[in-house]
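In what follows, a structure is listed as structure tokens, so that the remarks can point back to it.
Worth saying up front: this structure is predicted, and the values here are computed from it rather than measured. So you know, we letter chains A, B, ... as the sequences are listed, proteins then strands, and number each from 1.
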Number of protein chains: 2
Amino acid sequence: MARPREFDEQEVLQKATEVFWKKGFHGSSMQDLVEAMDINRASLYDTFGNKQHLYLSCLKSYHDINQHELAGVVEGSGSARDRLRGLFILCIERFVDDPDRKGCFIANATLERVPGDPATQQLVCKTVQETEQLFRVIVEAGQQTGEINPALSPKELAQFWTTMLAGLRVVVKINPDRAALEDLMRVAMRVLD
Amino acid sequence: MARPREFDEQEVLQKATEVFWKKGFHGSSMQDLVEAMDINRASLYDTFGNKQHLYLSCLKSYHDINQHELAGVVEGSGSARDRLRGLFILCIERFVDDPDRKGCFIANATLERVPGDPATQQLVCKTVQETEQLFRVIVEAGQQTGEINPALSPKELAQFWTTMLAGLRVVVKINPDRAALEDLMRVAMRVLD
DNA sequence: CTCAGTTTTGAATACCCGTTCTAATTGCTG
DNA sequence: CAGCAATTAGAACGGGTATTCAAAACTGAG
């Protein structure tokens with residue numbers, strides 16, 4: 001064999017994600033990325049292809065981590081309504097705790113890159129479907145226990161919640177206040193009655 | 001006097017808006033703008049300052065047109081619920097009818113430029129407040145006529161609707177389907193009961 | 001008809017972009 | 001320890017970036 005890598009691929013990908021997340025695709029230069037990742041230009045290109053490909057790798061990594069975390073809440077214990085609240089509170093926490101106020105990387109990517117970048121669009125599309133599915137699982141569970149009005153369409157409710165979550169991801173950029181965001185959630189919970 | 005301008009300021013500003021709206025701030029080059037506006041570089045700089053300043057002028061122009069249109073619906077005739085629906089349907093129409101799927105310029109600007117560009121942030125902040133105020137007017141009218149549960153907080157309802165509208169502005173990028181968006185609106189209307 | 005005042009023109013500025021190249025360095029295998 | 005193979009370093013590439021400049025073109029007032 002030959003000389004081994006001096007860096008951990010996941011580790012530097014995480015650092016690149018921070019840059020893209022904060023500055024967007026066009027707002028991040030390769031110079032920014034090289035400095036943040038603390039690896040050489042050539043290593044970057046050898047390992048991650050080009051800027052576009054690196055961006056997608058970051059987006060995928062972010063998506064996987066996030067979706068896994070959300071799925072944990074959905075599969076957790078508690079009533080349907082509690083798990084629904086838990087989902088939102090988790091997201092709100094992430095937004096509010098970030099001193100850089102980067103919001104949601106995927107939401108940012110959507111508004112910057114869709115339409116125009118089919119690869120990003122595809123990933124976002126997948127994310128939306130998965131998020132809807134998470135909500136749907138909760139709704140259907142809640143309808144079985146009687147917590148949620150069984151006359152309502154699980155699909156439409158799931159889409160509503162997904163939209164609401166997307167809205168939070170915009171609003172949080174202007175008003176990153178935990179209490180206000182949780183108030184919003186409480187109002188939105190009324191559609192379940 | 002001296003030589004007069006060969007172009008109409010509002011007209012070329014509109015063309016610049018299209019570019020920024022479609023490609024974002026960093027995604028638009030001065031070359032793109034010069035070509036789209038069909039004026040000379042120097043004229044552009046003389047009239048609009050620099051790229052950042054032109055961007056803000058576009059954003060302000062878009063904001064004014066949009067807000068004026070929405071205010072028209074709010075001040076129009078019909079029940080509170082009808083006017084609420086009217087507001088959403090107007091926005092949905094705009095999104096769905098656009099072949100470029102640009103979404104909402106201000107939402108795009110928010111996720112690309114906030115935080116980091118204080119001037120954009122300030123304009124977005126103002127827009128959010130104005131939008132909330134529009135919703136609030138409708139809610140309070142509806143509570144007087146008994147269409148809307150008077151026990152609910154007008155402020156919180158207005159914020160909820162604003163968030164919902166923001167959510168639509170993200171979702172529409174992925175699924176620009178009128179029927180689906182109107183379904184979302186109908187679900188969201190349930191919070192008023 | 002002159003000429004001051006403005007706009008237009010198109011080139012030029014200096015710098016940053018994403019990407020690639022060559023050469024030097026390194027660690028593992030035989 | 002020799003030699004292979006991959007990684008590293010840092011310069012170099014052509015082209016694009018936002019912005020400015022000097023000169024030409026133009027309009028209307030005196």
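Across its full length, the helix from C:dC1-D:dG30 to C:dG30-D:dC1 shows an angle of 10° between the axes of its 5 terminal pairs at either end, rounded to 10 degrees.
Taking atom NE2 of B:H53 as the reference point, atom P of D:dA18 lies 17 Å away to the nearest angstrom. Here the C1' atom of nucleotide C:dT6 and the CD atom of B:E6 are 11 Å apart, to the nearest Å. Between B:F7 atom CZ and C:dT9 atom P there is a gap of 10 Å when expressed in whole angstrom units. One atom, CG of A:D46, and another, C1' of D:dT8, lie 9 Å apart when rounded to the nearest Å. In this structure, B:I39 atom CD1 and C:dG10 atom C1' are separated by 15 Å, rounded to whole Å.
Taking the ring centre of A:F160 as origin, the terminal cationic atom of B:R190 falls outside the region bounded by 6.0 Å and 45° from the ring axis.
Between A:K173 and B:D117 there is no salt bridge, since no side-chain nitrogen of the basic residue lies less than 4.0 Å from a carboxylate oxygen of the acidic one. With respect to B:E75 and B:R83, no salt bridge is recorded, no charged nitrogen being found less than 4.0 Å from a carboxylate O. Salt bridge annotation for A:R81-A:D193: present, with a cationic side-chain nitrogen under 4.0 angstrom from a carboxylate oxygen. The residues B:K23 and B:D32 are annotated as salt-bridged, a charged nitrogen and a carboxylate oxygen being separated by less than 4.0 angstrom.
Here the closest heavy-atom approach between residue B:T110 and residue B:I106 is recorded as OG1-O, 2.6 Å.
Contact of the B:E112 side chain with the A:L111 side chain is not registered, since no non-hydrogen atoms from C-beta on lie closer than 4.5 Å.
More than 12 heavy-atom neighbours from other residues, nucleotides or ligands sit within 6.0 angstrom of CD on A:E69.
At C:dT8, one or more side-chain N or O atoms of B:S43 fall inside 4.0 Å of OP1 or OP2 (strictly under the cut-off).
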Letter by letter from the 5' end, nucleotides 12-23 of chain C scores (B base, S sugar-phosphate only, - none; protein heavy atoms under 4.0 Å) -----SSBBB--
